Amino acid sequence: MMTKNVSATAPLLGVNIDHVATLRQARGVTYPDPVAAALVCEQAGADGITLHLREDRRHILDADVYRMKPLLKTRMNLEMATTNEMLEIALEIKPEWVCLVPERREELTTEGGLDIAGQVDNLKSYIEALHGAGIQVSLFIDPEPTQIDAAIHCGADAIELHTGKYSEATLSQDESTINKEYNRIKQATEYALSVNNEFIINAGHGLTRANVHPIASIPGIHELNIGHALIADSVFMGLENAVKAMQAAMQGKEYQV
Ligand code: PXP
């Protein structure tokens with residue numbers, strides 16, 4: 001069982017290594033290896049490794065997940081859709097965490113949160129099956145009180161708040177949307193903690209060194225899952241430095257390479 005991060009300084013960092021596999025799949029070759037990348041991230045100080053086994057296997061492949069699990073020293077957070085196929089794989093691999101996400105074939109990335117309120121019974125039994133194998137479950141949701149209530153009702157151990165709209169607004173420097181979306185994430189965190197103070201609240205999507213500090217500073221956020229921008233940074237500074245630089249940015253600090 002994972003204990004909750006009560007650090008007053010910064011949340012934990014889970015590194016999403018899907019984008020290493022995206023580079024590999026672009027050529028259909030065997031490099032770069034996302035498993036090797038995960039181990040470098042751990043050595044650099046990442047608190048966990050996140051990977052998304054998509055139905056269309058566009059980046060991470062089954063073999064990556066099987067190979068990675070026994071090698072990780074931190075923990076695996078396996079993102080997946082709520083399907084029977086994925087349930088079977090998760091029960092076999094037994095990652096420490098599963099994060100349930102919505103999935104659409106035509107999307108570039110996970111574009112919105114799960115609509116839990118509309119599928120409570122289905123999710124309850126799905127989560128029970130994962131719990132039966134000792135796997136903790138997080139639900140990727142939009143920062144909305146109705147979704148938070150439904151997540152707690154379903155028996156989830158954690159939620160991950162979708163920060164995509166906040167992140168997009170920071171890229172277009174749309175101040176009023178940045179403030180609005182930041183407040184939604186902050187208020188959703190406060191709301192979830194007011195319902196259950198022990199509940200684990202993670203966040204992620206689209207976070208960069210430039211926009212991460214306000215989100216990392218929200219009291220009660222346990223962990224941030226960050227991939228695309230961190231792997232992009234690694235092109236210029238190397239993967240180990242990119243992990244360290246993101247951790248520094250989460251604390252509002254500069255990192256010298
Ligand atoms: N959290 C979840 C649930 C995701 O689906 C993703 C994207 O795969 C991330 C975090 C990381 O997002 P990004 O790659 O934009 O940092």
Side-chain angles (χ1 to χ4, degrees), residues 11-23 25 34 37-38 41 46-61 64-65 75-83 86 90 95-116 123 136-144 147 151 156-171 181 185 188-189 200-213 215-216 221-235 239 242-243 245-247 249-250:
L12 303 176
L13 172 63
V15 177
N16 181 316
I17 45 81
D18 295 350
H19 309 288
V20 176
T22 300
L23 189 54
Q25 295 313 108
C41 292
D47 300 290
I49 300 296
T50 292
L51 69 174
H52 186 174
L53 186 64
R54 292 186 79 105
E55 189 193 4
D56 62 10
R57 308 301 198 267
R58 69 173 72 160
H59 39 53
I60 294 293
L61 305 177
D64 299 325
V65 193
R75 64 197 137 76
M76 176 182 280
N77 176 33
L78 180 63
E79 291 178 12
M80 57 186 223
T82 318
T83 64
M86 288 300 152
E96 284 77 9
W97 282 89
V98 154
C99 179
L100 296 176
V101 300
E103 215 175 281
R104 287 188 303 122
R105 272 183 181 258
E106 64 276 18
E107 68 190 356
L108 283 179
T109 178
T110 317
E111 283 167 4
L114 265 183
D115 177 19
I116 310 178
L123 275 171
Q136 292 189 271
V137 183
S138 161
L139 302 178
F140 191 44
I141 59 170
D142 290 325
E144 292 294 338
Q147 298 296 346
D157 304 286
I159 47 174
E160 180 169 332
L161 299 174
H162 199 313
T163 55
K165 288 196 173 133
Y166 162 83
S167 298
E168 270 170 34
T170 64
L171 291 180
E181 293 302 328
I185 297 161
T189 306
I200 292 180
I201 300 149
N202 302 327
H205 208 281
L207 295 173
T208 68
R209 280 190 292 143
N211 68 22
V212 76
H213 185 233
I215 301 297
I221 296 265
H222 170 79
E223 177 171 276
L224 299 179
N225 283 309
I226 305 179
H228 191 261
L230 191 154
I231 301 301
D233 282 342
S234 78
V235 172
L239 190 49
V243 171
M246 188 59 77
Q247 283 173 322
M250 284 162 65

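The shown structure was predicted, so the numbers you read here are calculated from the model rather than taken from an experiment. Every number for a ligand or one of its atoms is a count from 1 in the order of the listing.
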Discussion item. Taking ring pair (Phe, Tyr, Trp, His ring centres under 6.0 Å) as the definition, give me every residue that meets it alongside H59, ordered by chain and number, with sequence neighbours left out.
Written reply: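 Ring pair (Phe, Tyr, Trp, His ring centres under 6.0 Å) check on H59 returns nothing, list empty.
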
Fill in: Any H162 heavy atom less than 4.0 Å from ligand 1
no

Worksheet item: Does G206 have a non-hydrogen atom less than 4.0 Å from ligand 1?
Response: yes

Worksheet item: Between H19 and ligand 1, is there a nitrogen or oxygen pair with a distance under 3.5 Å?
Response: yes

May I ask you to list the atoms of ligand 1 that are less than 4.0 angstrom from any heavy atom of [X]?
{"X": "E79", "answer": "1 (N), 2 (C), 3 (C), 4 (C), 5 (O), 6 (C), 8 (O), 10 (C)"}
{"X": "G227", "answer": "13 (P), 14 (O), 16 (O)"}
{"X": "N16", "answer": "6 (C), 7 (C), 8 (O), 9 (C), 11 (C)"}
{"X": "V101", "answer": "3 (C)"}
{"X": "D18", "answer": "8 (O)"}
{"X": "I226", "answer": "16 (O)"}
{"X": "N225", "answer": "10 (C), 11 (C)"}

Worksheet entry | Over 12 non-hydrogen atoms of neighbours within 6.0 angstrom of NE2 in H228 |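 Counting neighbours around NE2 of H228, 12 or fewer heavy atoms of other residues, nucleotides or ligands fall under 6.0 Å, so no.
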
Worksheet item: According to the interplanar angle, ranging from 0 to 90°, do the rings of H162 and F140 count as parallel (below 30°), tilted (30 to 60°) or perpendicular (above 60°)?
Response: parallel

Taking atom types as modelled, is there a side-chain donor on [X] or [Y] under 3.5 Å from an acceptor on the other?
{"X": "D115", "Y": "Q147", "result": "yes"}
{"X": "N77", "Y": "T50", "result": "yes"}
{"X": "N225", "Y": "E160", "result": "yes"}

Discussion item. Determine whether a donor-acceptor pair (N or O, by modelled atom type, separation under 3.5 Å) exists between the side chain of D142 and the backbone of E144.
Written reply: no

Worksheet item: Would you say Y166's side chain and L207's backbone share a donor-acceptor pair under 3.5 angstrom?
Response: no

Fill in: For ligand 1, the portion of T50 having any non-hydrogen atom under 4.0 Å away
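Within the 4.0 Å criterion, T50 makes no contact with ligand 1.
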
